[in-house]
Number of protein chains: 2
Amino acid sequence: MTLSDVAREAGVSLATASRAINGSANRTVRADLRDRVLAAAAQLRYTPDANAQAMARGRTTSLGLVVHDIADPYFSSIAAGVARAADRAGLQVTLASTQHDPSRESGLVDLLKRQRARAIVIAGGRLDDEATNDELRAALADYRSVGGSVALIGQPILGVDSIVVDNAQGAGDLAKALHGRGYRRFAILAGPADHLTACERRDAFRGALAELGSPVPDDAVITSTFTHEGGEDAMRALLRRGELPELVFAVNDVMALGALAAGREAGIRVPQDVALAGFDDISTLRDVVPALTTVRIPLVDVGIAATELALADASDEPRLTHVPTQVVLRDSTPGL
Amino acid sequence: MTLSDVAREAGVSLATASRAINGSANRTVRADLRDRVLAAAAQLRYTPDANAQAMARGRTTSLGLVVHDIADPYFSSIAAGVARAADRAGLQVTLASTQHDPSRESGLVDLLKRQRARAIVIAGGRLDDEATNDELRAALADYRSVGGSVALIGQPILGVDSIVVDNAQGAGDLAKALHGRGYRRFAILAGPADHLTACERRDAFRGALAELGSPVPDDAVITSTFTHEGGEDAMRALLRRGELPELVFAVNDVMALGALAAGREAGIRVPQDVALAGFDDISTLRDVVPALTTVRIPLVDVGIAATELALADASDEPRLTHVPTQVVLRDSTPGL
DNA sequence: TTGTATGCGTTATCAC
DNA sequence: GTGATAACGCATACAA
């Protein structure tokens with residue numbers, strides 16, 4: 001079932017068979033020969049070997065996607081966008097998951113480099129950890145030095161093309177909107193102290209409230225992991241403090257979910273006992289009761305944009321694409 | 001940055017460099033030579049070319065995963081399991097998405113065959129559509145004839161190793177449990193008439209209720225797509241019928257979500273006005289209020305099991321692994 | 001337009 | 001234990 005078999009069966013040379021099947025740039029094949037080749041290929045159930053093609057052509061048809069956890073709706077929505085855009089571009093998606101360990105990203109980039117993936121989209125959030133970032137930066141430089149192109153989703157600190165979500169604007173807008181609904185006493189489930197996205201959201205939220213005259217006290221800002229479990233832990237810590245705020249802001253929806261679980265466990269109802277807001281607008285949550293107030297990020301579009309950015313012609317300096325966010329007020333923050 | 005460069009730099013032959021870096025079965029390399037090679041490789045930032053290795057070795061290190069939509073929590077949870085198991089086995093995951101078009105599955109299998117993926121996991125649900133199934137069967141036979149192995153998640157109708165979720169048992173158990181909570185008048189948002197999983201769940205649920213003396217009338221069984229939108233449409237159709245049942249069973253959680261949306265739109269509260277149950281136990285929904293009664297499928301484990309099944313030594317006849325389900329009663333069905 | 005020959009980067013089979 | 005060298009399957013520069 002190799003191309004040679006097809007050529008022999010069709011009574012033509014290997015070159016002609018190749019040109020007939022995969023079409024050549026300027027060479028063209030006589031119709032009758034082409035038909036014979038195609039017929040032979042069909043009869044022998046021939047399938048080109050993508051690895052051999054990759055070798056001969058010097059480029060592959062695969063695109064790498066690096067995420068922390070594909071089960072997280074944030075990443076799976078982005079992945080859906082990447083899958084769609086890659087499909088349109090005729091590329092296969094290779095999924096690389098760190099399983100929640102940011103330090104694995106650079107290793108995954110190396111892996112994708114071995115595969116000679118044509119482009120890489122990195123969806124995981126950046127940490128304020130120079131060692132890890134340097135490692136990743138090095139791996140990316142390495143990958144790009146052999147012709148690969150990269151797009152990053154998140155903070156543009158790696159010197160590569162990036163899709164930048166406007167977290168600060170969104171969190172600020174959210175704070176104002178909630179203040180407008182009468183809330184004055186807030187707590188923040190803030191995520192990890194070194195997680196840049198988490199920090200952006202926290203700081204902008206806090207900053208906007210301070211400007212509005214409702215500053216969030218330090219002890220109402222609780223760090224945790226960026227996960228469901230982190231939301232649970234942080235909410236429990238908050239509850240242990242005694243006095244409940246009027247509104248709890250979790251820096252992402254999955255954490256808000258964790259907070260909901262911890263709250264329910266303690267008999268706290270949302271929004272009757274405390275209001276709750278998140279960030280991301282995970283689609284699975286759009287219909288639950290009470291509907292969660294959040295800041296929408298068009299995640300599927302972000303995935304598409306990142307893929308297109310990675311596939312665009314290389315430019316000498318990093319391009320940044322800003323993605324606007326949008327506050328979505330729902331029942332979890334009915335107002336006071 | 002090819003192996004030849006490394007060999008030259010280290011002053012050894014290509015063969016020795018290869019053996020030093022990627023190890024050989026029985027051949028072993030003298031320590032000092034090996035160190036020289038490794039040093040040269042590090043200095044030149046050499047990375048093996050996976051495509052060339054694949055050609056030379058005759059096998060790749062990639063595993064294909066076919067889904068309908070990676071943004072759907074059902075598939076993304078399975079994907080997380082597949083990713084984890086593949087990682088443990090040292091394999092890369094190639095994600096192939098039909099974008100909701102079952103007839104594309106066979107084409108994706110062809111694509112994965114071209115890539116010479118070592119194994120394929122097919123996660124999409126089967127339809128009662130012989131044309132499509134035959135096509136997929138043919139593509140799989142083709143793929144297996146060149147040494148590929150396959151595992152299917154769902155109905156074992158394709159003659160390949162399969163992970164079989166016990167939908168009937170789960171749906172039957174659910175019906176009994178709900179009947180036990182006092183419900184007598186049911187409606188079913190049944191999904192597509194030709195979707196085997198949907199049918200299994202619908203029929204088992206209905207059958208169990210009939211046995212219990214609370215049969216579900218035909219006009220209370222509403223077909224739709226297997227999606228969120230399908231749940232919405234079906235719920236709207238149900239509401240148009242006028243009289244509300246005591247409990248609505250959506251054949252999957254995502255559809256239940258759609259039903260919730262349609263219900264809210266019409267001012268129907270769950271569970272006060274109508275109780276609601278789903279199927280799958282999507283993890284994102286475990287904490288929402290009201291918590292959704294459902295049937296748990298250990299989706300991540302299913303993904304792991306499917307991967308391991310696909311990677312196991314080939315057997316002459318299809319192996320079936322049955323996965324138990326578990327009814328989870330929550331607040332959306334408090335009982336009458 | 002078609003065919004021949006070479007190379008892509010590795011592994012594996014031989015001799016040494 | 002090491003080193004030439006022939007595959008692997010295909011694309012393409014070059015010759016016809």
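Excluded from the calculations below are hydrogen atoms, water molecules and symmetry mates; all remaining heavy atoms, backbone and side chain alike, are included. These numbers were taken from a predicted model, which means no experiment stands behind them.
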To the nearest 10°, give me the bend of the helix from dT1(C)-dA16(D) to dC16(C)-dG1(D), comparing the axes of its five terminal pairs at either end.
40°
Pairwise 5' ranking along DNA chain D for T47(A) and L33(B), keeping only the more 5' one
L33(B)
Judged by nearest nucleotide, the residue sitting upstream toward the 5' end of DNA chain D, G11(B) or R57(B), is G11(B)
To the side chain of [X], which of [options] is closest?
{"X": "M55(B)", "options": "dT4(C), dA11(D), dG9(C)", "answer": "dG9(C)"}
{"X": "T2(A)", "options": "dT2(D), dT11(C), dG9(D)", "answer": "dG9(D)"}
{"X": "V29(A)", "options": "dT2(C), dG9(C), dT2(D)", "answer": "dT2(C)"}

What is the distance, rounded to the nearest whole Å, between atom [atom1] of [X] and atom [atom2] of [N]?
{"X": "R114(A)", "N": "dT11(C)", "atom1": "CZ", "atom2": "C1'", "answer": "14 Å"}
{"X": "Q53(B)", "N": "dG9(D)", "atom1": "CD", "atom2": "P", "answer": "17 Å"}
{"X": "L14(A)", "N": "dA11(D)", "atom1": "CG", "atom2": "P", "answer": "8 Å"}
{"X": "Q115(B)", "N": "dC10(D)", "atom1": "CD", "atom2": "P", "answer": "15 Å"}

Any heavy-atom pair between the side chains of [Y] and [X] that's under 4.5 Å?
{"X": "S97(B)", "Y": "D87(A)", "answer": "no"}
{"X": "V37(B)", "Y": "I21(B)", "answer": "yes"}
{"X": "Y46(B)", "Y": "P48(B)", "answer": "yes"}

Can you name the atoms? Protein N/O to nucleotides 14-16 of chain C N/O, anything below 3.5 Å, with the distance.
{"residue": "dC14(C)", "atom": "N4", "partner": "R27(B)", "partner atom": "NH2", "Å": "3.1"}
{"residue": "dA15(C)", "atom": "N6", "partner": "R27(B)", "partner atom": "NH2", "Å": "3.0"}

I78(B) and its side chain to side chain contact (heavy atoms under 4.5 Å, CB included) partner, picked from V300(B), L299(B), V121(B), T307(B)
L299(B)
Only one of D110(B), L140(B), I122(B) forms a side chain to side chain contact (heavy atoms under 4.5 Å, CB included) with E105(B), so which one is it?
I122(B)
Just say parallel, tilted or perpendicular for the rings of F75(A) and H68(A), cut-offs at 30° and 60°.
perpendicular
